[in-house]
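Have a look at the structure below before the remarks.
Throughout, protein chains are lettered first and strands after them, A, B, ... in sequence-line order, and every chain is numbered starting at 1.
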Amino acid sequence: MWALHSPHNLQSSSTSTPFYFPTRTSSRPPICSLTLNPSNPKNTGTNYNQLIQSLCKQGSLKQALQVLPHEPNPTQHTYELLILSCSLQNSLSDGLDVHRHLLDAGFDQDPFLATKLINMYSELDSIDDAREVFDKTRKRTIYVWNALFRALTLAGYGQEVLGLYRRMNQIGIPSDRFTYTYVLKACVASECLISLLHMGKEIHAHILRHGYESHVHVMTTLVDMYARFGCVSYASCVFDSMPVRNVVSWSAMIACYAKNGSPFEAFELFREMILETHDSVPNSVTMVSVLQACSALASLEQGKLIHGYILRRGLDSILPVISALVTMYARCGKLELGQLVFDRMAKRDVVSWNSLISSYGIHGFGKKSIQIFQEMIQQGLSPSHISFVSVLGACSHAGLVEEGKMLFESMVKEHRIYPSVEHYACMVDLLGRANQLDEAAKIIEDMRIEPGPKVWGSLLGSCRIHCNVELAERASRRLFELEPMNAGNYVLLTDIYAEANMWGEVKRVKKLLEARGLQKLPGRSWIEVKRKIYSFTSVEELNPQIEQLHALLLKLSNEMKEQGYVPQTKAVLYDLDAEEKERIVLGHSEKLAVAFGLINASKGETIRITKNLRLCEDCHSVTKFISKFANREILVRDVNRFHHFKDGICSCGDYW
DNA sequence: ATAGGGTTAG
C-alpha cells in the first residue's frame, strides 16, 4: 500500500529528482509517511493537499500533478489552485487532466469550480470545453453565467452571449453589474456582419431600469460600446450623465472622440480632464488616445506639446505610449522623427515594429517596410496578424505585387497565421490597384471566410481607379446589403458611372442615397500654420482670405495651361459643361489649403496638408506643378497615405 | 462562503 502510493516510486519514472521528495537512502523516515498511514482515518492526506497547493503557488504545476494521485481527498481549494496553475502555464492537456480528476473526486456539480474551469478553458482558447462545463453544471450561480459570457465574448461569440442573456432573462435570473459589462461587450465582440447596436440600446435600458446608472464600471463599458459602434453622441450623452467618473471613464471618452473622427473634441476633453478634475490624472492609456488625436489631425505642433507632457509626466518609457509616438510622428509627416523615437527605445515588442512598418508603408517606402518586417523576424520576434496588415498595405501603396503575393503566401506556410478579412482586403487592394481586377475578384471567390464589407470595399475602390463598371456593380450590390448606411459606397459607384458617362445611372444611385437619408461626406482639407489649424471645404466662405485664394489659384491654373495642363474634371458628379466643371475642380478644398499655405506659411517651410478623402487626380497634378513653380515642398496626407511633392514630382510615383 | 468587470499602441 505504502509502496504503491509512494512518491518515491514516481520519482523513478521522472528523469530528475524533485527536490521535495524524501529519499529512501536517508536514514530518517520520509516526512510524509505519517500522514499517509491509511490506518489513521484522521490523516487523510492533508499534507499532500498543502504540498500541492504550495507547488501550484510556486508555479511548479508538473510536480503538483505528480503528487495529486497520492492525495486521497483533494479539497476544493486544491483544485482551484491547480486549475489556476494550468491557465498560468498555458497547458490545456494538464487542464483536461485536472478536470478529469476533479470529476472523479465528485466535484462535478460544484459551481465554484465550474466557474474556475470555464475561466481556465477560456484562457486556454478551448471554448467548446468551457461551454460543456456550463451545460453540465445544474446549479448555475450568477458566477457561472458570467464566466461563460466572458469566455464567449472574448472568443468573439457575441451573438451566442446575447441569446443566452435572453434565456437568462426569460428564466428570471437577475443580472448583476458584471453581467452587464459582459453583455455590453458582447454586442461589439461579434463576428457576424449585422450590427448589434439595437441590442446594446436594449441593454442600456435594462441597466437604467435596474439602477446601475451611477455605476462607474457599467457606465464606462456603455460609453465604450457606443464608441465602438461609432455613435459618438450617444457615448458623450452617457458620459455626461455619469455622476462619478474616473481616469478610465475619461480615457474611454477621449478614445471615442479620437477614433471616430472628432480629434478636436478629444483635445477639448483632455484639457477639461486636466483642468477640472482632481482625482482623474491622465495615465499612459489616456495619452495613447491623445496621441491618436494628434495623428488624426496631423498636427505636428500639438504632437510635440503632448510629447513634452508625456516626458514631464514620466510616461515616456511605456511601450504603448512610445509606439503611439512613433505613429504620431510618422502620421504628422515626420517619418525621421518616428524612426528616431524607435531607435531610442530600450525595449521593443511586435507592436513597436508594426508601428514602424506601417509608417514607412504610408509614406510609400514599400521596400523599406518589407526590410523592417524581415529585420523584426531576424531579431526573433514573431509577426502578428497586424504585422501582415501593415506590410501588405505597404506593398499595396508601392505597387509591389509580387512581393505582396509572396508575403501573403508565407502567412500560413511560415507563420501559421490564417488570413482574416483584413488581409484579404489588403490583397484585393494590392491586386486591384495594380489593375489586376480579375485576379482580385478571384481572391474573393476563393476566400474561405465570408468576405465582409472591407473586402468588397477594396474591390469597389479599385474599380473606381480603373473604371470597371461591371465589377463595381457586383461589389456595390453586396455592399448595399452589408452596410446600407455607408454613404461612401454610393459615392464611389456614382463616381464610376460618371466617368463612364452613364448619367442616368448616376441619377439613380444619387436618389438611392437620398432615399436613405445619407449624404456624401464633404471633402475637407486642413493645414497647420503657426500652431493654428485651418480647415477648408470647397464651399468655404468663412476664411477672410478666400477671394485671394481663388484669385491665386486661377492665376496658377492659367500659367499651368500654357505649359500643357488640362484640368481633369471627372471627379465632378454633375453633367455640366466643361468650363463649369473646371471651376468646381479648381475650388477643391485641397487646392485652397495649398494656396493658403503659399500665402501664409514661412518661406521655405514645407506645406503640410491633411485630407479626409483620397486625393483627386486634378489636385494631384496641380500640386505637382505648384511644388515646382513655387519651389515648395508640399506634403499631403490623404485618407490612405502620404504624397510628398517636390520639384514637380510626387513620392507616390502617380500610383495611389 | 469563496470568485469576476470598464479605457490603451499597429
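Gln292(A) places its CD atom 8 Å from the P atom of dT8(B), with the value rounded to the nearest Å. One can place CZ of Phe178(A) at 7 Å from P of dG5(B), the figure rounded to the nearest angstrom. Rounded to whole Å, the distance from CD1 on Ile83(A) to C1' on dT2(B) is 13 Å. We find that CZ of Phe388(A) is positioned 19 Å from P of dG10(B), with the value rounded to whole Å. Whole-Å rounding puts the Met253(A) CE to dT8(B) P distance at 13 Å. Ile254(A) places its CD1 atom 14 Å from the P atom of dA9(B), with the value rounded to the nearest Å. The interatomic distance linking Trp145(A) (CH2) with dA3(B) (P) rounds to 22 Å, in whole Å. The CD-C1' distance, from Glu123(A) to dA3(B), rounds to 13 Å in whole Å.
When the side-chain nitrogen and oxygen atoms of Lys259(A) are compared with OP1 and OP2 of dA9(B), one or more of them lie within a distance under 4.0 Å. A close approach under 4.0 Å does occur between a side-chain nitrogen or oxygen of Lys185(A) and OP1 or OP2 of dT7(B). For Thr327(A) and dG10(B), the shortest distance from a side-chain N or O to OP1 or OP2 is below 4.0 Å. Neither OP1 nor OP2 of dT7(B) sits under 4.0 Å from any side-chain N or O of Arg245(A). The phosphate of dG6(B) has neither OP1 nor OP2 within less than 4.0 Å of any side-chain N or O from Arg228(A).
Distances were taken from every side-chain heavy atom of Thr141(A) (C-beta onward) to each of dA3(B), dG6(B), dT8(B); the shortest belongs to dA3(B). The listed nucleotides are dA3(B), dA1(B), dT8(B); the one nearest the side chain of Gln76(A) is dA1(B). Among the nucleotides dG10(B), dG6(B), dA9(B), the one closest to any side-chain atom of His217(A) is dG6(B). Looking at the side chain of Thr181(A), the nearest of the listed nucleotides dA9(B), dG5(B), dA1(B) is dG5(B).
His423(A) and Ser420(A) form a side-chain donor-acceptor contact under 3.5 Å, judged by distance and modelled atom types alone. With 3.5 Å as the limit, one finds no donor-acceptor pair spanning the side chains of Ser355(A) and Ser352(A). Side-chain polar atoms of His397(A) and Asn640(A) form no donor-acceptor pair below 3.5 angstrom. No side-chain donor-acceptor contact under 3.5 Å links Ser390(A) and Ser387(A).
Among the protein residues, Val216(A) comes within range of the nucleic acid bases, having at least one heavy atom under 4.0 Å from a base atom. Backbone-only engagement by Val288(A) is indicated by non-hydrogen atom pairs under 4.0 Å involving sugar-phosphate atoms exclusively. Here Thr221(A) lies in heavy-atom contact (under 4.0 Å) with sugar-phosphate atoms only. Using a 4.0 Å heavy-atom distance criterion, Asp176(A) is classed as a base contact. Heavy atoms of Ser249(A) sit under 4.0 angstrom from at least one base atom. Across all strands shown, Val218(A) has heavy atoms under 4.0 Å from base atoms, whether or not it also approaches the sugar-phosphate. Asn119(A) comes within 4.0 angstrom of nothing in the nucleic acid, heavy atoms only. Contacts of Tyr182(A) with the nucleic acid, taken as non-hydrogen atoms under 4.0 Å apart, involve only primed sugar atoms and P, OP1 or OP2. Among the heavy atoms of the strands lying under 4.0 Å from His215(A) is at least one base atom, whether or not backbone atoms are also near. Residue-level contact check: Arg150(A) touches the backbone only, with heavy atoms under 4.0 Å from sugar-phosphate atoms and none from bases.
Residues Val281(A) and Met273(A) form no side-chain contact, since every pair of their non-hydrogen atoms from C-beta on lies 4.5 Å or further apart.
Once the 5.5 Å centre distance and the 30° plane angle are applied, the aromatic ring of Phe112(A) is found stacked with the base of dT2(B).
At a cut-off of 3.5 angstrom, counting only N and O atoms as typed in the model, there is no donor on one side facing an acceptor on the other between the side-chain of Ser355(A) and the base of dG10(B). A donor-acceptor contact under 3.5 Å links the side chain of Ser384(A) to the base of dG10(B).
Listed for the Ser369(A) side chain is no donor-acceptor partner under 3.5 Å among the backbone atoms of Phe365(A).
Residue pairs satisfying the salt bridge (charged side-chain N to carboxylate O under 4.0 Å, His left out) criterion with at least one member in residues 339-355 of chain A, sequence neighbours excluded, are absent.
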